[in-house]
Protein chains: 2
Amino acid sequence: MPRGVPAKLFPPHLPGLRQEQGPLHRQLYERLRQAILTGVIPPRSRLPSTRTLAANLGVSRNTVEQAFAQLDAEGLLERRVGSGSMVALPEHARPPDGPVRAPTGRAELAPPLRARGRRVAELPLSAAPSGLLPLTPCMPALDAFPLSLWRRSLQRQSRQTGTQLLSYGETAGWRPLREAVAAHVGTSRGVRCDWRQVLIVTSTQQALDLVARLLLEEGDAVWMEEPGYLGARTAFSATGARLVPVPVDEEGLRVDEGLSRAPKARLAYVTPSYQYPLGLTMSLARRLALLEWARASGAWVVEDDYDSEFRYTSRPIAALQGLGDTGRVLYVGTFNKVMFPSLRLAYLVVPEPLVEPFLRAKSLADGHTALLSQAAMADFMERGHFTAHLRQMRLLYAERRQALLDALRREAGDSLQPVGSVEAGMHVTVKLAGRADDVALVQRAASRGLDTRPLSAHYLGPKRSSGLVLGFSGVDPAALRSAAASLASLL
Amino acid sequence: MPRGVPAKLFPPHLPGLRQEQGPLHRQLYERLRQAILTGVIPPRSRLPSTRTLAANLGVSRNTVEQAFAQLDAEGLLERRVGSGSMVALPEHARPPDGPVRAPTGRAELAPPLRARGRRVAELPLSAAPSGLLPLTPCMPALDAFPLSLWRRSLQRQSRQTGTQLLSYGETAGWRPLREAVAAHVGTSRGVRCDWRQVLIVTSTQQALDLVARLLLEEGDAVWMEEPGYLGARTAFSATGARLVPVPVDEEGLRVDEGLSRAPKARLAYVTPSYQYPLGLTMSLARRLALLEWARASGAWVVEDDYDSEFRYTSRPIAALQGLGDTGRVLYVGTFNKVMFPSLRLAYLVVPEPLVEPFLRAKSLADGHTALLSQAAMADFMERGHFTAHLRQMRLLYAERRQALLDALRREAGDSLQPVGSVEAGMHVTVKLAGRADDVALVQRAASRGLDTRPLSAHYLGPKRSSGLVLGFSGVDPAALRSAAASLASLL
DNA sequence: CGATTTGTCTATATACATTTG
DNA sequence: ACAAATGTATATAGACAAATC
């Protein structure tokens, strides 16, 4: 017969169980678990019945039952109706040794990475997630996000679709979301596509990575806006492509310069709606010239429409993709900025013949994108919450943009000159007078809790302007004003 | 202003609610549901608060709350904290598909992909997600997944952590999850690591892709188990590595064969706990030999522990990673099989000097992994639900495995010979007598709704055995029996 | 047979956080 | 500021079926 447990383990009204220490059933569970694992209650010994233990402890049977059930589920107890509960034999001996020995490989030399690996390992590590520091570029107004509506979409989907949402998803994405995206970019951005051309990915970064891996070979030339978006550089340079800086003027990318510097480039990466970081809009003439070059030379155009939904005065400019022949343009958009960064949903619209190759690339990279977030996003869009949120953010950001500009003018006067006249985006770029060291300034700003980016870091070539990229979308006007004051005091 | 509901609908002590007619909350739910659907309570009318209704009916608020919550879940009610509950407008059918314009780029020729791109574009497209067809390998028992517990973890996290979960996440993963994974693989798999060595990724596929991109150069030789896992092939071959098939015998990978075929290989990919697809366990001698080779030649060992948690009789074998020097071993595990496929969470444990390079690679590939699922997973583990679920699945799969084997023996006799004696995994592989064409058999099986894989497809070299890989984890014993009968009738 | 025990279900009370008007 | 409402969590009480001894 199994022995009973020493009575002293369960004195009446066990003094250790207290309201303040969290749920009673959890405390009891933890305590029993420790006792079993450390052998204080030996294997095969019988525990008191839930009723008697409950009575002894002065708690309800349900409380004890919950603790026992949890232990049973984890295999620490064997319970049988009628015969009671007893401690199970250890299922698997604890691993060779519990305490983690210092990994012996530690003393080794740094691993010898070679060409491709080094290329990846030497990429800049993107800035640490800096919480809610003011001025972070591309940080949405998280406090204004309609979290409860989003949760409802999540909940609704997690209930309704049941096991369909648990199983493997299609590589291209959840079909209702692809349809919703196709409708959205069609009506609000003028992108011409069928839902079958829409691929759901996790981020702009993943989209660009897939593009690079599929369309670029080592040594291929790629037109990059100068100055331009840093994230795009890492994606293209990791494949060994040759990045060709093509200057940007007030009409956007200088196609003529691109033609003279690298006429045979395989790909051009552009942000025509609201150029990053200068905030210009590409002119119609330049757009047509770019498309014509791509058509004639068989190159690809990657249109990153990352910020396009945010335009505050004039109507949004239609996407490049919808302008002419769509056969050479890959359109990239993201939900991570309009919704929230950790959502991890973006989309890629590719010409029909590229759909299959891209599916394989996506399948290679990570199989498919998580389903629940996709289904919730589709639901959120179908119910109109997305459009509503977008509208609200437009109003909010317009206000914040103005607040930042006003504060900068008041505090810093002419020493910080805003670039670009388009009222759009989630950031403004300001130029520093003369050859001021913007990198040093950014560092000094960081020490005051301001998360800004140096304009000069966005250049590939040696000719760099000095300035700051300031995000205004993430925090409220009051914080923007104090940030501007703090910044001005550093000048 | 929304009108109130006619008072007579809710007289005090509503006489219709009786103990004998089933649960009170259910009766209340049914009654309200009928009233709403028939229009007795018109849309947009406000319901009494749960408290007052509970008082009027003489029941507890929880009872009313349950009924309301159910109605809310079905979309019949719109509830808002503070403002009360009102009847929702009937949902309209989904908006019709937008007018699908024919994409103009359609007539173009197939795009001219070149070397790298072709390598990616010619990868096999993984089998379409085939729903719940019987015998699908690696398909978990989704009907047995504790969905309500999981939803609670999701909800709890989406509330508690608030905006922290919305912002950018760390590239390496959500810290509590990294810690939970380190603890789990440490105690239950004998992996020796610090939580800082744990990287959260979306899938085994992504883990292998990162490994390939960081550690392999074009032309590098890689030892692959022969036969072996198909997914691993695509990851490594996409980088242009040379895949060297190394045969597997009853002790696992033939290290001596690897040494003679490609002594200078840069990497070996192995599934030591439960070899895919043959279901063997690698012997201690082989493990030590493999580690010794890696140490001496500076090669990497990738241990894919995809199936290891499922062992049905003997104790789980500790991981290769914990055996000796951990400096050359990269350990890969996944939650997508123990939990559910669309979760998209897996992990990679790398030697300390590789942590930084891998962070950059992950950052390049997709920035970081979605936060909510990570936080929910950590919560699920901390509460012991993960261990409990794992244990339950072990019992369930052991039963299903036996059911499939019994049915196969009964229906097919000797014509389908199960391979391997280890009672583990989520599939069994059976050999076909002689040189039977397993690919054709798989196709015929597919036409009967059976989702199996040909063993011969898992070979790189010309010497192939003919057989079938049969998953037993996804469906219940009855379905397995009828699948076995159906399969036998095709022989 | 009858007492005991687990395991599950229903209902209640209560506390507390959050949001709304 | 304040009251009212929802929404979540914890604990209790009691009933009953099924298994065990």
Side-chain angles (χ1 to χ4, degrees), chain A residues 1-2 4 17-29 46-55 57-73 77-86 88 143-149 151-152 154-155, chain B residues 1-2 4 17-29 46-73 77-86 88 146 148-149 151-163 379 383 388 392:
Chain A
M1 275 315 266
L17 294 185
R18 287 191 199 146
Q19 295 287 10
E20 305 87 45
Q21 317 232 335
L24 290 180
H25 66 87
R26 238 190 130 67
Q27 288 180 57
L28 182 55
Y29 156 76
R46 182 155 170 229
L47 292 181
S49 84
T50 49
R51 267 180 183 78
T52 59
L53 183 51
L57 296 177
V59 297
S60 131
R61 182 169 83 99
N62 284 355
T63 307
V64 179
E65 177 62 30
Q66 266 187 82
F68 275 38
Q70 181 72 41
L71 291 167
D72 178 41
L77 247 49
E78 272 173 28
R79 313 182 71 186
R80 267 213 307 281
V81 175
S83 75
S85 309
M86 81 183 171
D143 47 323
F145 181 73
L147 198 52
S148 59
L149 285 176
R151 266 204 231 106
R152 286 167 76 101
L154 271 175
Q155 278 186 266
Chain B
M1 273 273 105
L17 295 187
R18 295 200 191 134
Q19 295 288 9
E20 307 86 43
Q21 314 227 341
L24 289 180
H25 67 88
R26 217 168 160 86
Q27 288 180 56
L28 181 55
Y29 157 76
R46 181 151 172 235
L47 291 183
S49 82
T50 48
R51 267 180 184 77
T52 59
L53 183 51
N56 284 347
L57 297 177
V59 297
S60 131
R61 183 169 83 98
N62 284 0
T63 308
V64 179
E65 176 62 33
Q66 265 187 83
F68 275 36
Q70 179 71 31
L71 292 167
D72 178 42
L77 244 49
E78 272 175 28
R79 314 183 70 188
R80 266 215 305 280
V81 176
S83 74
S85 308
M86 82 184 171
S148 59
L149 284 177
R151 267 206 230 103
R152 285 168 74 120
S153 285
L154 271 175
Q155 276 185 264
R156 206 176 359 246
Q157 291 301 313
S158 79
R159 252 194 328 276
Q160 283 186 0
T161 338
T163 56
D379 181 277
R383 283 167 191 270
Q392 210 194 320

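Labels below follow one simple rule: chain letters A, B, ... track the order of the sequence lines, proteins then strands, and each chain is numbered from 1. FYI, side chains are in, hydrogens and waters are out, and symmetry mates aren't considered; it's all heavy atoms of this structure.
In this entry the distance linking CD of Gln66(B) with C1' of dG7(D) reads 13 Å, nearest Å. One interatomic measurement links the two molecules: CZ of Arg46(A) to P of dT6(C), which rounds to 7 Å at whole-angstrom precision. Rounded to a whole Å, the CG atom of Leu24(B) is 15 Å from the P atom of dA15(D). Residue Gln155(B) contributes atom CD, which lies 14 Å from atom C1' of dT6(D) at whole-angstrom precision. Counting to the nearest Å, the P atom of dA9(D) and the CZ atom of Arg383(B) are 8 Å from each other. Summarising the geometry, the separation between CG on Leu47(B) and C1' on dA5(D) is reported as 13 Å, rounded to the nearest angstrom. One atom, CZ of Arg156(B), and another, P of dT8(D), lie 11 Å apart when rounded to the nearest Å. Atom CZ of Arg79(B) and atom C1' of dT8(D) are 12 Å apart (whole Å).
Across Leu77(B) and Phe68(B), no two heavy atoms sit closer than the pair CD2-O, 4.0 Å.
Sequence order on DNA chain D of the closest nucleotides to Gly84(B) and His25(A) puts Gly84(B) first from the 5' end.
In this structure, dA11(D) and dT12(C) make a Watson-Crick or G-U wobble pair, each of the two defining distances being under 3.5 angstrom.
Closest to the Thr63(A) side chain, of the nucleotides dA11(D), dA5(D), dA9(D), is dA11(D).
Residues satisfying the side-chain hydrogen bond (donor to acceptor under 3.5 Å, both in side chains) test with Arg79(A), not counting sequence neighbours, are Glu65(A), Ser85(A). Not a single side-chain hydrogen bond (donor to acceptor under 3.5 Å, both in side chains) links Thr63(A) to another residue, sequence neighbours left out. Judged as a side chain to side chain contact (heavy atoms under 4.5 Å, CB included), and not counting sequence neighbours, the contacts of Asp143(A) are Ala141(A), Arg400(A). Residues meeting the side-chain hydrogen bond (donor to acceptor under 3.5 Å, both in side chains) test with Ser49(A), sequence neighbours left out: Thr52(A). Under the side chain to side chain contact (heavy atoms under 4.5 Å, CB included) criterion, Gln392(B) pairs with no residue, sequence neighbours left out.
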Legend entry - Footprint string (nucleotides 14-21 of chain C, 5' to 3'): B base within contact, S backbone only, - free, heavy atoms under 4.0 Å: BB--BBSS
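Dashed line: the shortest gap from a side-chain N or O of Thr50(B) to OP1 or OP2 of dA5(D) is not under 4.0 Å. Considering only side-chain N and O atoms, Arg151(A) lies nowhere under 4.0 angstrom from the phosphate OP1 or OP2 of dG7(D).
The backbone N or O of Arg383(B) lies less than 3.5 Å from a partner atom in the side chain of Gln70(A), making a donor-acceptor pair.
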